[in-house]
Amino acid sequence: FHSNTAGLSGGAIYALATLTGSNADVVIENGLFYQNNATAFGSAIFGETKRLTIKNATFSNNIVSGSAAIYITTFVGNNSEIRNSIIYGN
C-alpha cells in the first residue's frame, strides 16, 4: 500500500466491522505500508474490529497529524496483535 490518502482515518485500510454488526477478524500478512496519509487516526491502518492481526508487515514513512501509523480502538473483547513486523520512521 503506497501513497494512499484518507480524509480522516485509515490512509490505506479502514476496517470498521462494527458497522455491519459482524465484528469480523481482520488479518494482514506480509504487507508493506509506505507513505500513506490520514488527518486524524491511523495513517496506514484504522482498525475497530473484534480482532486485528498484523503479521510480517512493514510500516515506513506513514504520516498522520492525530495519532500513529496504526490505530486500533480498544473495546471489550479486542484481542489485536502485531507480530514480526517493522514500524519505522512514522
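In what follows, residues are counted from 1 in the order of the sequence shown.
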So, the side chain of Ser85 versus the backbone of Ala57: is there a donor-acceptor pair under 3.5 Å, distance only?
yes

Quick check: does any side chain N or O of Asn36 sit under 3.5 Å from a backbone N or O of Asn62, one acting as donor and the other as acceptor?
no

Heavy-atom check, side chain of Ile70 versus side chain of Phe59, under 4.5 Å
yes

Does Ile82 belong to the same Ile/Leu/Val/Met/Phe/Trp/Tyr cluster as Val26, with side-chain heavy atoms less than 4.5 Å apart forming each link?
yes

Could you walk me through whether Ser43 and Asn37 pass side-chain contact (heavy atoms from CB on, under 4.5 Å), step by step?
CA-CA 5 Å; Ser43 56; Asn37 192 322; 5.7 Å; no

Keeping Ser65 on the side-chain end and Thr39 on the backbone end, is there a donor-acceptor pair under 3.5 Å?
yes

Search all heavy atoms of Ser9 against all heavy atoms of Ala38 and return the closest pair with its distance.
CA-CB, 4.1 Å

For Ile72 and Ser80, which heavy atoms make the closest approach, and how far apart are they?
CG2-OG, 3.6 Å

Note: Asn61 and Tyr34 closest approach over all heavy atoms is ND2-CE1, 3.3 Å

Rounded to the nearest 0.5 Å, the CG atom of Asn56 sits from the OG1 atom of Thr58 at a distance of 8.5 Å

All ring-ring contact (aromatic ring centres under 6.0 Å, His included) counterparts of Phe1, not counting sequence neighbours:
Phe33

Do Leu52 and Ile45 make a side-chain contact, defined as non-hydrogen atoms from C-beta onward lying under 4.5 Å apart?
yes

Mind checking whether Phe46 and Tyr14 have parallel, tilted or perpendicular rings, split at 30° and 60°?
parallel

Does the distance from a Lys or Arg side-chain N to an Asp or Glu carboxylate O, for Lys55 and Glu81, drop under 4.0 Å?
no

Hey, could you give me the OG/CD1 distance between Ser60 and Ile86, rounded to the nearest 0.5 Å?
9.5 Å

Should Asp25 and Thr53 count as side-chain neighbours, where that means a heavy-atom distance under 4.5 Å?
no

